[in-house]
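Working notes for the structure below.
Just so it is clear: chains get the letters A, B, ... in the order the sequence lines come, proteins before strands, and each one is counted from 1. Heavy atoms only: backbone and side chains are in, while hydrogens, waters and symmetry mates are out.
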Amino acid sequence: MAGIAGNGLGIAADAGLDHFAAVIRDLVGGFAAFGLAALVVASRMIFGAPAARLTSTSERK
Amino acid sequence: MSGRGEASIAGLVGRQRLFAAIVGLGVFISAVNSVLLVTVLPTAVDDIGGIEFMSWTTTIYVTASIVFSAAGGWMKARLGGRGGLLAGASLFMAGTAICAAAPAMPVLLLGRLGQGVGSGLLAAMSYTFVRSVFPQGLWPKIFALMAAVWGVAALAGPALGGVLTGVVGWRPAILSMMLPALLLVTLVLAALPRDGERGGREPFPLLRLVVLASGILAVAAAGNFPGAGLQAMSAFAGVAVLALVVLADRRAERPILPSNALSFTSEVGLGLAMKWLLIISTMPVSVYGALALQRLHGATPLVAGYVVALEALGWTASAFVVARLPARWSAGAIVMGPLLVVCGVLAGSRTLAYGPLWAGASAVALMGIGFGARAGRS
């Protein structure tokens with residue numbers, strides 16, 4: 001794991017695999033908050049505004 | 001995926017098939033590039049180092065792609081459809097060549113900038129191209145074809161990246177992206193007439209694009225600052241700058257952003273907000289998923305690439321199914337989409353870190369199924 005630095009990940013350059021796994025767990029899990037926010041927006045689409053009927057068949061990430 | 005459109009080019013005649021091939025290639029280049037890079041990057045990082053900049057390979061690419069998609073209208077007016085496609089393909093090829101030759105991560109990031117600019121232009125040109133050369137009745141068919149191309153790219157990208165990385169190395173694997181771009185250039189030169197009179201008298205919306213890029217980068221870079229305070233400040237400043245761009249763009253004579261882009265009372269605004277929130281929620285998996293699978297679970301580049309590509313495959317499959325459900329299922333699908341993504345992300349946080357591999361793969365597929373459920377109905 002030498003070389004894993006990732007300041008955004010908060011991983012030290014000499015961090016081991018256990019630490020890397022823990023950071024991946026926290027990083028991926030933490031971003032679920034944005035998914036929850038999307039769920040709130042989806043609820044607003046259904047209950048707070050007319051449900052969208054956009055034909056976004058080709059939109060992608 | 002539209003129920004009216006069929007993912008084939010049956011029914012197109014003569015040059016329409018050639019035009020469809022041009023549009024498909026434009027989408028294919030962007031789609032396969034994203035899944036191929038995911039497969040190749042961990043090996044590249046092993047070779048040239050710079051893992052601390054790994055998230056920037058996505059940040060810079062996505063920022064450049066968004067900004068130059070927004071500039072697509074201006075570019076089309078100034079360069080024409082033919083010129084815009086050629087410019088996009090050329091910039092993409094230049095960026096690809098720089099990535100493939102990169103001796104260090106900063107140079108690879110420069111290449112990603114070129115790829116992002118080219119990819120953004122190609123995406124914008126492809127969509128405007130559909131509207132300018134196909135009759136409106138064929139649009140659902142062409143958009144369905146574009147969605148199918150994403151599915152093909154999700155299948156082909158990891159295989160291409162994984163096999164080439166294993167056999168000849170990561171540099172030729174990246175360089176292989178030149179082939180579809182060269183084919184696109186050949187088709188454009190052969191099939192499209194030179195653009196006639198161009199109405200490009202308007203000034204380039206440089207200020208709005210620079211500020212837009214600054215806002216996106218401030219949000220994206222937040223995670224790279226030490227301490228929660230600085231991170232929050234960067235993210236807040238980015239959001240504030242983006243809000244200013246939207247306000248300024250609304251008053252502009254020629255807006256570069258969709259109308260109602262940030263309105264939470266419109267369908268467009270809500271739909272875009274949900275789409276981007278979901279994309280952000282899965283970003284760590286997109287950026288670090290393949291790396292985690294290879295380093296923590298011993299997956300080969302090919303296997304890791306396919307696991308990450310399961311998101312795109314799940315997306316295509318569920319969008320195809322959900323689009324064919326009766327209209328009364330719409331509300332359920334719109335809520336079920338983000339719910340499945342959240343479940344997939346939470347499951348992935350455990351399984352990508354601690355395994356087993358099949359469980360991590362299932363979590364990634366669940367995220368894609370959630371995306372597809374939303375896209376099929378919203």
> Counting heavy-atom pairs under 4.5 Å to chain A, which of B/Val27, B/Val45, B/Val342 comes out on top?
Replying inline: B/Val342
> So do the side chains of A/Phe20 and B/Leu291 get within less than 4.5 Å of each other, counting heavy atoms only?
Replying inline: yes
> Between B/Tyr354 and A/Ala22, what is the shortest heavy-atom contact and its length?
Replying inline: OH-CA, 3.7 Å
>> Ignoring hydrogens, what is the shortest heavy-atom contact between A/Phe31 and B/Ile280? Give both atom names and the distance.
In response: CD2-O, 3.0 Å
>> Please report the interatomic distance CD1(A/Ile24) to CZ(B/Arg350), rounded to the nearest 0.5 Å.
In response: 13.5 Å
>> Looking at every heavy atom in both B/Met274 and A/Ala42, which two are closest together, and how far apart are they?
In response: SD-CB, 3.5 Å
> Hey, is CE on B/Met336 packed in by over 12 heavy atoms from elsewhere, all under 6.0 Å?
Replying inline: no
> So which heavy atom on B/Leu270 is nearest to which on A/Met45, and how close?
Replying inline: CB-CG, 3.6 Å
> What heavy-atom pair brings A/Gly35 and B/Ser281 nearest, and what distance separates the two atoms?
Replying inline: N-CB, 3.4 Å
> If you measure from CG on A/Leu27 to CG on B/Leu352, what distance do you get to the nearest 0.5 Å?
Replying inline: 11.0 Å
>> To check you understand the geometry: which heavy-atom pair defines the closest contact between B/Gly348 and A/Val28, and what is its length?
In response: C-CG1, 4.1 Å
> If you measure from CG on B/Leu296 to CG on A/Asp18, what distance do you get to the nearest 0.5 Å?
Replying inline: 9.0 Å
> Where does B/Val341 contact chain A at under 4.5 Å (heavy atoms): side chain, backbone, both or neither?
Replying inline: neither
>> Does any backbone or side-chain atom of A/Ala33 lie under 4.5 Å from a heavy atom of chain B? Answer side chain, backbone, both or neither.
In response: neither
